Amino acid sequence: MKKIEAVIKPFKLDEVKEALHEIGLQGITVTEAKGFGRQKGHTELYRGAEYVVDFLPKVKIELVLDDGLVERAIEAIQQAAHTGRIGDGKIFVSSIEEAIRIRTGERGTDAI
């Protein structure tokens with residue numbers, strides 16, 4: 001099993017969710033986040049005063065899935081979240097040792 005964490009632009013969430021649904025993935029966890037990467041935020045003008053926005057709004061998506069679906073999920077996220085501009089986000093993949101469904105006690109891929 002693998003865990004995919006993707007940090008994307010908030011307005012791309014619906015497209016990513018639909019893309020994941022189309023390949024058969026059912027459950028995701030979404031968290032509102034703030035952060036910055038190489039662009040280190042940006043400056044904005046508000047009522048004549050310039051100020052720096054260090055942390056930009058982002059959305060973090062987490063999903064745990066069977067190894068066989070990982071590449072398809074990565075492609076779906078990448079295509080749906082892509083704008084071609086700075087700050088499109090990142091995808092992280094890590095291994096999961098165990099998953100347990102609390103309600104039934106199912107383990108492994110049966111739990112996801």
Side-chain angles (χ1 to χ4, degrees):
M1 291 179 294
K2 301 285 188 204
K3 178 179 182 180
I4 296 178
E5 295 176 80
V7 180
I8 63 169
K9 292 182 175 186
F11 67 89
K12 286 295 197 171
L13 177 59
D14 286 336
E15 291 176 48
V16 170
K17 184 180 83 168
E18 285 300 316
L20 291 171
H21 183 72
E22 285 176 15
I23 65 167
L25 294 175
Q26 299 168 344
I28 64 171
T29 301
V30 177
T31 310
E32 290 183 20
K34 293 184 178 199
F36 64 87
R38 290 186 192 157
Q39 80 269 23
K40 307 261 191 309
H42 63 278
T43 59
E44 288 188 6
L45 199 61
Y46 179 71
R47 294 190 180 194
E50 191 174 283
Y51 66 99
V52 176
V53 178
D54 289 338
F55 295 101
L56 301 172
K58 300 288 181 182
V59 172
K60 181 179 178 182
I61 299 169
E62 297 175 85
L63 55 148
V64 176
L65 60 161
D66 191 59
D67 291 344
L69 292 172
V70 172
E71 283 306 315
R72 288 176 51 206
I74 290 170
E75 285 178 31
I77 294 168
Q78 201 168 7
Q79 289 175 2
H82 182 265
T83 68
R85 288 177 275 156
I86 283 180
D88 272 355
K90 299 264 190 315
I91 300 172
F92 304 100
V93 180
S94 53
S95 294
I96 297 294
E97 290 183 31
E98 184 67 273
I100 303 156
R101 185 184 310 268
I102 294 173
R103 180 176 55 87
T104 62
E106 292 170 296
R107 292 179 170 261
T109 56
D110 291 337
I112 55 174

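Note that the structure is a prediction, hence the values are computed from the model and not measured.
Residues Val7 and Val16 fall into different hydrophobic clusters, defined by Ile, Leu, Val, Met, Phe, Trp and Tyr side chains chained together at heavy-atom separations under 4.5 Å. A chain of hydrophobic side-chain contacts below 4.5 Å, direct or via other Ile, Leu, Val, Met, Phe, Trp or Tyr residues, connects Leu13 to Ile91. In the hydrophobic cluster analysis, where Ile, Leu, Val, Met, Phe, Trp and Tyr join through side-chain heavy atoms closer than 4.5 angstrom, Leu20 is grouped together with Val93.
Distance check: Ile61 CD1 to Lys12 NZ gives 11.5 Å after rounding to the nearest 0.5 Å. To the nearest 0.5 Å, the span separating CD on Glu18 from NE2 on His21 amounts to 6.5 Å.
Heavy atoms of other residues, nucleotides or ligands lying less than 6.0 angstrom from CD of Gln26 number 12 at most. In this structure, Gln78 places its CD atom where only 12 or fewer heavy-atom neighbours from other residues, nucleotides or ligands lie under 6.0 Å away. Counting heavy-atom neighbours within 6.0 Å of Lys17 NZ, excluding the residue itself, gives a total of 12 or less.
Here the shortest heavy-atom pairing between Ala80 and Ala19 reads CB-CB, 3.9 Å. A pairwise comparison of heavy atoms in Ala76 and Ile23 identifies CB-CD1, 4.3 Å as the closest pair. When all heavy atoms of Ala6 and Ile77 are compared, the pair lying nearest together is CB-CG2, 3.9 Å. In this structure, Val70 and Ile4 approach most closely via the heavy-atom pair O-CD1, 4.1 Å. In terms of heavy-atom proximity, Ala81 sits nearest to Ile8 at CB-CG2, 3.8 Å.
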What verdict does the side-chain contact (heavy atoms from CB on, under 4.5 Å) test give for Asp110 and Arg101, after you've listed the backbone C-alpha separation in whole Å, the side-chain angles of each residue and the deciding distance to 0.1 Å? CA-CA 8 Å; Asp110 291 337; Arg101 185 184 310 268; over 6 Å; no
Evaluate Ser95 against Lys2 for side-chain hydrogen bond (donor to acceptor under 3.5 Å, both in side chains), listing each step before the verdict. CA-CA 5 Å; Ser95 294; Lys2 301 285 188 204; 3.1 Å; yes
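Using modelled atom types, no side-chain atom of Asp88 and backbone atom of His82 make a donor-acceptor pair closer than 3.5 Å. Side-chain atoms of Lys58 come within 3.5 Å of backbone atoms of Gly87 as a donor-acceptor pair (strictly under, hydrogens ignored). Side chain of Arg107 to main chain of Glu98: no donor-acceptor pair is present (N/O by atom type, distance under 3.5 Å, no hydrogens or angles). A donor-acceptor pair under 3.5 Å is absent between the side-chain atoms of Asp66 and the main chain of Met1, judged by distance alone.
Within the 4.5 Å cutoff, no side-chain heavy atoms of Ile112 are placed close to those of Leu63.
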